[in-house]
Amino acid sequence: MTVARILSQKGRTVVTVQPHRTLAEAAALLTEKGIGALVVSDAGQTVLGILSERDIIRAVVRGGGAALEAPVSRHMTAKVICCSRASAVDEVMELMTDGRFRHVPVVEDGRLVGLVSIGDVVKHRIESVEAEHQAMREYIATA
């Protein structure tokens with residue numbers, strides 16, 4: 001199973017933020033959209049970084065409330081692990097587990113084409129296990 005399958009089910013819309021926006025603006029966008037991370041991009045197509053709720057919390061702990069006026073670029077994760085639509089879901093799950101992050105941008109030909117979250121991966125894994133379980137039940141019932 002590939003990331004393309006997840007994107008076909010959930011869609012390819014990705015919420016992005018520009019690097020010069022403030023952490024307060026990014027936090028408001030996260031809250032408005034009910035999501036846990038924003039891809040940092042100049043024009044919505046090139047991944048410059050990623051900003052998660054964790055990044056904002058860490059910035060506030062270090063700098064107090066004044067950190068919310070800092071630009072996103074100062075607190076984003078700049079070394080972003082990405083995948084492609086052809087990436088295996090199991091590989092992406094392993095990347096997330098090993099790297100201890102919950103969002104992976106999907107990039108092809110240098111352009112942002114989607115975002116996969118740990119929730120997407122877990123949902124896929126549960127569906128896969130349930131399908132295997134159902135197939136085993138049917139096999140046993142016909143044996």
Side-chain angles (χ1 to χ4, degrees), residues 1-140:
M1 186 62 63
T2 65
V3 168
R5 172 94 184 254
I6 291 175
L7 293 179
S8 71
Q9 293 173 343
K10 74 172 262 187
R12 294 178 27 176
T13 303
V14 181
V15 181
T16 63
V17 65
Q18 295 171 317
H20 69 276
R21 298 292 183 188
T22 66
L23 287 185
E25 290 172 309
L29 188 54
L30 287 168
T31 301
E32 174 190 332
K33 300 294 185 181
I35 56 177
L38 299 165
V39 174
V40 182
S41 178
D42 47 8
Q45 295 183 346
T46 303
V47 176
L48 303 175
I50 194 162
L51 183 77
S52 70
E53 295 165 317
R54 289 179 183 177
D55 296 323
I56 295 171
I57 294 298
R58 288 181 183 129
V60 170
V61 167
R62 282 188 231 122
L68 293 173
E69 295 309 313
V72 165
S73 60
R74 189 175 302 161
H75 299 286
M76 70 183 187
T77 300
K79 286 184 93 175
V80 182
I81 303 295
C82 299
C83 67
S84 72
R85 286 183 283 215
S87 298
V89 173
D90 289 343
E91 290 173 12
V92 174
M93 183 169 50
E94 187 174 331
L95 283 172
M96 290 177 169
T97 302
D98 292 346
R100 302 182 65 104
F101 50 83
R102 298 175 292 182
H103 300 86
V104 177
V106 183
V107 175
E108 292 196 346
D109 298 323
R111 299 178 68 167
L112 180 64
V113 297
L115 182 74
V116 178
S117 72
I118 191 68
D120 300 327
V121 171
V122 168
K123 179 181 175 190
H124 160 75
R125 186 70 183 127
I126 289 170
E127 289 171 355
S128 176
V129 167
E130 287 175 351
E132 288 173 15
H133 186 235
Q134 183 62 33
M136 288 297 287
R137 275 199 233 167
E138 291 171 6
Y139 175 76
I140 291 169

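These numbers come from a predicted model, not from an experiment.
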Restricting to side chain to side chain contact (heavy atoms under 4.5 Å, CB included), what partner residues turn up for Ile140, sequence neighbours left out? none

Scanning both residues in full, the closest heavy-atom pair of Val72 with Ala26 reads CG2-CB, 3.9 Å

With Thr22, which residues qualify under side chain to side chain contact (heavy atoms under 4.5 Å, CB included), at least two apart? Ala24, Glu25, Glu69

Which residues share a salt bridge (Lys or Arg N to Asp or Glu O under 4.0 Å) with Arg12, sequence neighbours left out: none

Give every donor-acceptor pair under 3.5 Å between a side-chain atom in residues 109-121 and any protein atom, sequence neighbours left out.
{"from": "Arg111", "atom 1": "NH2", "to": "Gln45", "atom 2": "OE1", "distance (Å)": "3.1"}
{"from": "Ser117", "atom 1": "OG", "to": "Gly119", "atom 2": "N", "distance (Å)": "3.3"}
{"from": "Ser117", "atom 1": "OG", "to": "Asp120", "atom 2": "N", "distance (Å)": "3.2"}
{"from": "Ser117", "atom 1": "OG", "to": "Asp120", "atom 2": "OD2", "distance (Å)": "3.2"}
{"from": "Asp120", "atom 1": "OD2", "to": "Lys10", "atom 2": "NZ", "distance (Å)": "2.8"}
{"from": "Asp120", "atom 1": "OD2", "to": "Ser117", "atom 2": "N", "distance (Å)": "2.9"}

Spacing of His124 atom NE2 and Thr2 atom OG1 [to the nearest 0.5 Å]: 9.0 Å

Looking at every non-hydrogen atom in both residues, tell me the closest pair between Leu23 and Ala67 and how far apart they are. CD1-O, 3.4 Å

Might you point out which heavy atoms bring Leu95 and Phe101 nearest each other, and give the distance in Å? O-CZ, 3.5 Å

Would you check if Val92 and Ile6 make a side-chain contact, meaning some heavy-atom pair closer than 4.5 Å? no

Going from CD on Glu53 to CZ on Arg102, what distance comes out if it is rounded to the nearest 0.5 angstrom? 6.0 Å

Could you tell me which non-hydrogen atom of His75 sits nearest to which non-hydrogen atom of Ala70, and how far apart they are? NE2-CB, 3.7 Å

With a cut-off of 6.0 Å (strictly less than), are more than 12 heavy atoms of other residues, nucleotides or ligands near NE2 of His133? no

As an exercise, state the distance from CD1 of Ile50 to CG of Leu38, rounded to the nearest 0.5 Å. 8.5 Å

Looking at CD of Glu127 and CE of Met1, how far apart are the two atoms once the value is rounded to the nearest 0.5 Å? 9.0 Å

Short question: side chain of Ser52, backbone of Asp55 - any donor-acceptor pair under 3.5 Å? yes

Where Pro19 and Pro71 come nearest, the two heavy atoms and their spacing: O-CB, 3.7 Å

Could you measure the distance from the OG1 atom of Thr13 to the NZ atom of Lys33? Nearest 0.5 Å is fine. 9.5 Å

Considering all heavy atoms, the nearest Val3-Cys83 contact: CG2-SG, 4.0 Å

Could you tell me if Gln134 and Glu138 have a donor-acceptor pair between their side chains, going purely by distance under 3.5 Å? yes

The salt bridge (Lys or Arg N to Asp or Glu O under 4.0 Å) partners of Glu108 (sequence neighbours excluded) come to Arg85

Going by the side chain to side chain contact (heavy atoms under 4.5 Å, CB included) test, name the single residue among Val47, Leu48, Leu51, Val107 that passes it with Val39. Val47

Ala88 meets the side chain to side chain contact (heavy atoms under 4.5 Å, CB included) criterion, sequence neighbours left out, with Glu91

